[in-house]
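Given the structure is predicted, the values throughout are model-derived calculations rather than measurements.
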Amino acid sequence: EETSAELEFELMAARAYETPESDFSWNGTTIIKYNGTAKNVVIPEKAYTIGSQAFFGNKTIESVTIGKNVMQIDARAFSDCSNLHTVRFETVKIKREGGCGFQIFDGCNIGKVEFAENTTYIPAGLFRWAGFQNGAKITIPQKVTSIGSEAFYYTKYLSMVSFEGNNLVEIGNSAFWGTAIKSIHFPESLKTIGGAAFFECKNLEKIEIPKNVTVVGEKAFYNCSALSTLKIRTVKANYGYGVFADCNLSKIELPEDLTNIPNSMFSSAGFQGGTEITIPANVTSIGNYAFYDIGNLCKVTFAGDKVTQ
């Protein structure tokens with residue numbers, strides 16, 4: 001059995017050489033099928049598109065490096081490559097929207113993902129329904145400003161996401177739907193958390209919403225049934241309906257400089273029985289449906305006397 005150092009050397013060596021173009025069937029600059037037998041594949045510079053099911057069911061491939069000119073990966077391109085554990089991206093050209101087909105990496109066994117250093121966005125749907133190893137981790141590169149909708153949709157064994165930089169502005173709709181993330185530390189730069197972004201992340205236990213967030217979309221944390229601790233630092237966010245519905249909140253911290261409880265902030269939120277919440281002293285108004293349809297909220301305390309509506 002190879003050691004991790006031997007495996008890393010082998011992968012580095014593979015990256016130094018493109019897999020021969022003759023190992024592929026082509027339609028212009030589109031890879032139609034991989035015909036080779038290598039364990040470590042480097043997509044040639046000639047390739048602009050990796051076609052539908054190009055590697056489907058290949059049990060030999062263990063790592064793939066997506067070449068620097070690839071702009072599109074079609075549906076199920078690597079589906080059922082059950083020994084594929086490492087995916088590297090040299091390309092930063094995959095189209096932000098529409099560049100990724102359905103279930104590209106479904107049925108794989110991914111434990112390591114590397115993005116190019118100058119990556120500025122994670123394309124929509126890139127790892128939708130991807131097969132990850134239990135406990136898999138993803139690091140988002142420093143220059144990334146947006147994570148596309150459904151980028152990691154239902155990658156159910158993805159357990160940790162970390163951010164190298166402080167440039168992320170947007171997490172798209174359903175970006176991490178159904179993942180196994182237990183905790184996540186959002187960068188201060190974040191402004192938008194899309195609708196259903198963390199829908200049914202049932203291992204997620206605590207979150208802190210940074211001070212620059214202005215939008216938390218509908219059902220962003222819906223049915224995060226382990227979510228008990230919530231710290232909100234922003235005072236300028238708008239909230240969609242049911243952001244915290246079917247959670248299990250017991251500890252909620254609101255910012256001291258908050259002056260308004262926004263519309264729908266805790267509409268249909270899931271609270272543990274006996275939970276109490278304190279309205280900060282500077283709050284002057286509580287918006288429509290702010291605490292609508294909450295069954296277990298036991299006590300509301302006003303730290304000040306400024307609320308007029």
query: Which pairs with one or both residues in residues 129-143 pass side-chain hydrogen bond (donor to acceptor under 3.5 Å, both in side chains), sequence neighbours excluded?
result: T139-S162

task: Please say whether more than 12 non-hydrogen atoms of neighbouring residues, nucleotides or ligands are located less than 6.0 Å from CZ in F56.
output: yes

message: Nearest 0.5 angstrom please: E276 CD to K299 NZ, how far?
response: 5.0 Å

- prompt: Between Q53 and R76, do the side chains contain an N or O donor and an N or O acceptor separated by less than 3.5 Å?
  reply: no

- prompt: Can you tell me if OH on Y154 sees more than 12 non-hydrogen neighbours from other groups inside 6.0 Å?
  reply: no

task: Please check if the side chain of D106 supplies one atom and the backbone of S79 the other of a donor-acceptor pair under 3.5 Å.
output: no

- request: Starting at OG1 of T145, measure out to CG of L168 and round the result to the nearest 0.5 Å.
  value: 7.5 Å

- prompt: Does any N or O in the side chain of S159 come within less than 3.5 Å of the main-chain N or O of G135, such that one atom is a donor and the other an acceptor?
  reply: yes

- prompt: Can you list the other members of the hydrophobic cluster that holds Y241, where links are side-chain heavy atoms under 4.5 angstrom apart?
  reply: Y289, Y292

- request: Check the pair V92, T120 against side chain to side chain contact (heavy atoms under 4.5 Å, CB included), reporting the backbone distance first and the verdict last.
  value: CA-CA 8 Å; V92 295; T120 59; over 6 Å; no

query: Is the closest side-chain heavy-atom distance between R88 and K112 below 4.5 Å?
result: yes

- prompt: Hey, what do you get for OG (S228) to CD1 (I252), rounding to the nearest 0.5 Å?
  reply: 10.0 Å

query: Can N35 and S25 be counted as having a side-chain donor-acceptor contact under 3.5 angstrom?
result: yes

- request: State which residue, out of Y222, F186, W177, fulfils the ring-ring contact (aromatic ring centres under 6.0 Å, His included) condition with F198.
  value: F186

- prompt: Less than 4.5 Å apart, any side-chain heavy atom of F127 and any of L158?
  reply: no

- request: Could you tell me how the ring of F291 sits relative to the ring of F266: parallel (under 30°), tilted (30 to 60°) or perpendicular (over 60°)?
  value: parallel

field: Any donor-acceptor N or O pair under 3.5 Å, side chains N263, Y239
entry: no

query: Looking at side-chain heavy atoms only, is the closest gap between F115 and I122 below 4.5 Å?
result: yes

- prompt: Does atom CG of N118 have more than 12 heavy-atom neighbours, drawn from other residues, nucleotides or ligands, at distances under 6.0 Å?
  reply: yes

- prompt: Between Y153, F78, F132, F55, which is the residue that forms a ring-ring contact (aromatic ring centres under 6.0 Å, His included) with F105?
  reply: F78

Heavy-atom side-chain proximity of I261 to L254 below 4.5 angstrom: yes

message: Do F221 and L230 make a side-chain contact, defined as non-hydrogen atoms from C-beta onward lying under 4.5 Å apart?
response: no

